[in-house]
Each structure stands twice: as C-alpha cells, then as structure tokens.
Number of protein chains: 2
Amino acid sequence: MDESLTSRQLTKCDECRFGAHIEWSELETSEVELLNTTRRTRSHRRGGTIFNQDDEPQGIYCVSGGYVLLWRIDAFGNETAFGLVGPAELIGYRSYFAEDRHAATARALTDCQVCLVPSRTMRRLLDGSPALVRRFLRTLARDPGPSDGLLLRAHQVPIRVRLVSLLLILRDRFGVRGPDDSVEFNLPLARQDIAALVGARAETVTRTIKELEDDGIAIFHGRHVDVPHLDQLYEIVGIDEPV
Amino acid sequence: MDESLTSRQLTKCDECRFGAHIEWSELETSEVELLNTTRRTRSHRRGGTIFNQDDEPQGIYCVSGGYVLLWRIDAFGNETAFGLVGPAELIGYRSYFAEDRHAATARALTDCQVCLVPSRTMRRLLDGSPALVRRFLRTLARDPGPSDGLLLRAHQVPIRVRLVSLLLILRDRFGVRGPDDSVEFNLPLARQDIAALVGARAETVTRTIKELEDDGIAIFHGRHVDVPHLDQLYEIVGIDEPV
DNA sequence: CGTACCGTTGAGGTGAGTCAAAGTAAGTGG
DNA sequence: CCACTTACTTTGACTCACCTCAACGGTACG
C-alpha cells in the first residue's frame with residue numbers, strides 16, 4: 001500500500017471541518033470528540049471503490065481528501081454518474097437514512113482518504129443533536145439524489161450545452177483563473193466519466209469536445225482544459241443558441 | 001364553487017390515515033389532535049393549483065382526496081412532470097425541509113381536497129416527535145425528488161418502454177383487473193401530462209400509443225386504456241427488445 | 001354556435017446512438 | 001528499461017428515434 005496518504009492522515013475531525021458547510025459544524029465539542037474517536041479512516045487508490053451499489057450501508061462516509069464519483073447502473077443497464085464529491089463532503093448518507101442498500105457505487109477519482117462514521121456513532125449523534133438532525137433534513141431535501149443531480153441529463157438539452165454546464169459546475173473545484181477571463185482546468189475525469197455525467201456516449205463526448213475546440217471555446221489536452229473566455233461558456237448555457 | 005367535495009369533507013385526520021404508509025402514523029393521539037385542529041382544508045377544481053414553483057412554502061400539504069401532478073419548468077424551459085400523488089400522501093415537504101422555495105408546481109388532476117399543515121404545526125410536531133423526524137428522514141432519503149422519480153426519463157430508454165413503465169406504475173392506483181390477465185385503466189392524465197411524465201412531446205406520445213395499439217398491447221380510448229395481457233407490459237419493460 | 005384547448009396526422013430534419021476499427025496511453029511483468 | 005497487455009480514446013460511416021413545424025379533426029364548455 002502507498003504510504004503517502006496515511007502519512008498526512010488527519011488526526012482530528014476538527015482539521016477536516018473546513019467550514020460551516022459541513023454537517024458536523026452543528027456539533028458540540030464533545031460530540032466532535034465522539035466522531036473523532038469512533039470514525040474509521042481508509043485510504044483508497046485512484047480507481048478504488050469506497051462502496052458498491054447494493055451494498056448494505058455501514059454508516060456515513062466523509063471525504064477528507066481527494067475526489068469521489070458517484071454512479072449507478074439503472075434498471076436498463078445504463079451507467080449514469082450523478083455526483084462528484086470532494087473534501088469535507090459526505091457520501092452514503094442517502095442510503096443510511098433510507099434504511100436501504102446503496103443506490104450507487106462510489107469510486108475514487110483520485111487517490112483519496114475517506115472516513116467511515118459507523119451507524120452506531122450516527123445514531124448516538126442524531127439522538128443527541130436536534131441541530132444535526134435538522135441539518136440532515138435540509139441536506140436530504142436539497143440533494144437531488146441519484147437522479148439528474150447536475151441538471152445535466154435534462155431531455156432536449158444538447159450534449160454541447162450539457163458539457164459546458166458541467167465545466168461551469170466543475171469550475172469551483174478544478175478551475176484556475178488565468179489572465180483576462182480565461183480559466184484552466186485539471187479534471188480528474190476520464191472521457192467515459194464525463195459521458196456518464198452528461199448522459200451520453202464516450203464517442204459523442206469526443207465529438208462534442210472537438211466541436212468546442214473548433215469554435216475556440218475550450219481546448220482539451222487529455223484531462224487538461226483551457227477556456228480562453230469564460231463568458232462564452234455562459235453564453236452557450238444561457239441562450240441555448242439555435243445552432 | 002362546487003359543494004360536492006366539501007360535503008364529504010373529512011372531519012378528522014384519523015379518517016385520512018389509511019395506513020402505516022403515511023407519516024402521521026408515527027404520531028400519538030394528542031399529536032394527531034393538534035394536526036386535526038390546525039390544519040387548513042382546501043378544495044380544488046380539476047386544473048387548479050395547490051402551489052406554484054418558486055412560491056414560499058407555508059407548510060406541508062396532505063392530499064386527502066383526488067390526484068395531484070407535480071411538475072416543473074427546468075432551466076432550459078422544458079416542462080417535466082415527476083410525481084403523481086394521491087390520497088393520504090404528502091406534497092411540498094421537500095421544499096419545507098430544504099428551507100427553500102417550491103421547486104415544482106402542484107396541479108389538481110381531478111377535483112381534489114388538500115390539507116395544509118402550517119409550518120408552525122410542523123415545527124411543534126417535529127420538535128415533539130423523534131419518530132416523526134426519523135420517518136421524514138427516511139421519506140426524503142427515498143424520494144427521488146424533482147428528478148427522474150419514475151425512472152421514466154432515463155437516457156437511451158425508448159419512449160415506448162417508458163410509456164409502458166408508466167402504465168405499470170399507475171396500475172396500483174388507476175388499474176382495475178378484468179377477466180384473465182387483462183387490466184383497465186381510467187387515467188386522470190391528458191396526453192400532455194403523459195408526455196411530461198415520460199419526457200417526450202405530446203405528438204410522440206400519440207404515435208407511440210398508436211404503435212402499442214397496432215401491436216394489441218394497449219388500446220386507448222381517450223383516457224380509458226384496455227390492456228388485454230398484463231404480461232406483455234412486463235415483457236416490454238423487462239427485456240427491452242431490440243426492435 | 002363559436003372559441004379554445006386537446007388530440008391526431010404528415011412531412012422533414014437531425015442529434016446522438018451503434019458498430020467497427022485503428023490509434024494512444026497506462027499499467028504489468030520479465 | 002523495454003515488451004506486452006489492457007484499457008481508454010478517437011475516427012468514420014451509417015441509422016433511426018424523436019423533435020419541429022404546420023395543419024386539421026374532435027370535443028368541451030360558456
């Protein structure tokens with residue numbers, strides 16, 4: 001096993017609480033301590049599986065480093081990705097609260113580190129903290145779930161637009177501002193992953209990318225993307241030009 | 001206003017609690033009494049609106065009679081229906097817990113009766129009943145939300161299959177067994193509603209219906225549908241024949 | 001009896017899928 | 001470190017399911 005991850009393993013959950021956006025921020029110090037002592041940290045290599053569709057949930061997973069892709073195979077055999085989760089975000093909570101098997105598979109897009117908060121701990125925390133419960137109610141209600149989470153799989157929206165929407169969504173996490181209004185991306189996504197996210201085939205993604213390159217809107221070099229003018233992305237998504 | 005509905009208006013929530021499947025079944029008698037005294041019952045004519053997309057939630061709505069369609073207009077202007085709700089089922093809870101405006105519009109498919117449980121009541125009930133909270137956590141986690149709730153909008157699934165899936169889903173509510181393995185439906189849905197539910201255009205629905213009729217799988221007379229052999233529906237959905 | 005909506009039918013276009021094959025990158029073992 | 005396997009990516013030719021636009025027949029309702 002690669003030790004590079006475990007060496008910079010975080011010792012306290014506090015260090016993970018990047019901000020108020022994570023659910024645990026509702027907890028008191030003593031409760032964070034419980035979280036801290038009962039959680040189980042695991043490292044995953046790129047491509048590894050955190051949990052599998054149809055597995056029985058063992059608790060809630062908290063990503064502390066790296067990125068994770070949530071995808072599922074639907075009743076008709078199509079692979080669909082519906083979520084990309086990064087540091088200080090939770091996964092697997094939906095199945096936990098649904099009291100049902102995992103509806104999705106979580107795959108490590110990069111080497112990553114994930115903590116499992118066991119069901120037993122979750123129960124104690126939820127019983128003791130109405131604030132945490134309220135927070136999870138809100139999270140669940142806002143989470144679009146294993147469906148078209150990214151609004152990327154709406155019908156009658158051309159792949160071109162969906163692809164550009166995806167870029168805009170990923171900008172916060174993987175985009176770096178360049179000179180003027182240019183942006184550079186380093187995506188942890190293979191073409192197939194992109195395809196699964198926008199609800200298309202890999203071949204179509206390739207072709208659409210080429211189209212965007214021809215129009216000078218986004219230049220792809222493998223997983224590196226150059227967007228010379230961010231405005232152009234918004235234009236495409238906004239007005240949905242008639243070709 | 002038509003009085004036929006108000007005349008058979010239910011006086012107690014108890015009479016509405018058709019079974020354990022409704023959230024209120026978690027409540028104690030005294031709590032049901034609170035529900036009973038603070039709820040506001042409203043009657044709606046067919047076509048009426050219970051709440052509108054982007055409205056501020058005022059509580060949770062409980063359908064006591066009739067059927068309601070949940071639909072929304074997405075960012076790209078497409079109308080999509082994602083839920084059909086009937087007696088003893090709740091609507092609007094997602095927005096309530098999300099602490100956000102309604103993500104959908106609720107339209108009465110039939111004349112119907114809906115009770116509003118005001119936010120104030122909800123707060124009191126939730127504060128007093130951990131069981132109710134747990135139940136709502138489960139409901140939210142299981143509810144696919146304003147997305148492809150019926151698995152009917154999956155990509156690469158032909159409209160024909162989606163339409164048949166819809167029939168199978170609606171069988172419990174609107175299907176009546178006939179002789180042998182035949183089923184009759186009386187749907188409260190216009191062609192456009194069906195189209196919005198399966199993610200297609202009304203014209204395409206018409207054409208697909210005609211196809212099903214030619215194959216003797218389902219005969220449509222307006223909103224009345226005859227299905228001579230239920231098995232055939234399962235066959236279509238199951239094996240997704242290669243034409 | 002007209003207005004308005006719903007439903008059907010037709011002609012025509014096309015975006016994206018499918019299949020197949022070649023090219024490229026990435027990881028494995030000797 | 002190179003040869004080999006395996007998986008990912010690109011390209012091309014072809015097909016078709018569904019959309020669009022437009023017109024017309026039905027049906028409900030004031």
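First the proteins, then the strands, lettered A, B, ... as listed; each starts at 1. Since we're looking at a predicted model, the values are computed, not measured.
The pair B/Asp100-B/Arg94 fails the salt-bridge criterion, with no side-chain N (NZ, NE, NH1 or NH2) lying under 4.0 Å from an Asp/Glu carboxylate O. Taking the charged nitrogens against the carboxylate oxygens, B/Asp55 and B/Arg101 have no contact shorter than 4.0 Å, which rules out a salt bridge. Under 4.0 Å is where a charged nitrogen must lie from a carboxylate oxygen, and between A/Asp215 and A/Lys210 no such pair does.
Nearest approach of A/Glu79 to A/Ile73, heavy atoms of both residues: CG-CG1, 4.0 Å. Of all heavy-atom pairs spanning A/Ile22 and A/Ala88, the tightest one is CD1-O, 3.3 Å.
Looking at residues two or more places apart in sequence or on another chain, you find a side-chain contact (heavy atoms from CB on, under 4.5 Å) between B/Ser182 and B/Pro179.
Between A/Asp111 atom CG and C/dG27 atom P the separation is 11 Å, expressed in whole Å. Between A/Glu211 atom CD and D/dT10 atom P the separation is 14 Å, expressed in whole Å. The distance between atom NE2 of A/His221 and atom P of D/dC8, rounded to the nearest whole Å, is 22 Å. Straight-line distance from the CD1 atom of B/Ile209 to the P atom of C/dT8: 6 Å, rounded to whole Å. Atom CG in A/Leu212 sits about 14 Å away from atom P in C/dG15, given to the nearest Å. Following rounding to the nearest Å, B/Arg201 (CZ) and C/dG13 (C1') show an atom-to-atom distance of 16 Å. Taking atom CG of residue B/Asp214 and atom C1' of nucleotide C/dT9, one finds them 14 Å apart after rounding to whole Å. The distance between atom CD1 of B/Ile159 and atom P of C/dG17, rounded to the nearest whole Å, is 14 Å.
The phosphate of D/dC19 has OP1 or OP2 within less than 4.0 Å of a side-chain N or O from B/Thr204.
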Nucleotides 2-7 of chain C: which of its N/O atoms have a protein N/O under 3.5 Å away?
from: C/dG7; atom 1: OP2; to: B/Arg191; atom 2: N; distance (Å): 3.0

What N/O pairs connect the protein and nucleotides 21-30 of chain D at under 3.5 Å? Give each pair on its own line.
from: D/dC21; atom 1: N4; to: B/Glu203; atom 2: OE2; distance (Å): 3.3

Quiz prompt | side-chain hydrogen bond (donor to acceptor under 3.5 Å, both in side chains) between A/His44 and A/Gln113, worked out | solution = CA-CA 6 Å; A/His44 298 268; A/Gln113 200 180 144; over 6 Å; no
Exercise. Carefully, step by step, assess B/Leu140 and B/Tyr93 under the rule side chain to side chain contact (heavy atoms under 4.5 Å, CB included).
Key: CA-CA 8 Å; B/Leu140 284 169; B/Tyr93 55 86; 3.8 Å; yes
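The residue B/Ala200 sits close only to the backbone: its heavy atoms come under 4.0 Å of sugar-phosphate atoms, none of a base.
Summarising the local packing, CZ of A/Arg46 is surrounded by 12 or fewer heavy atoms from other residues, nucleotides or ligands at distances under 6.0 Å.
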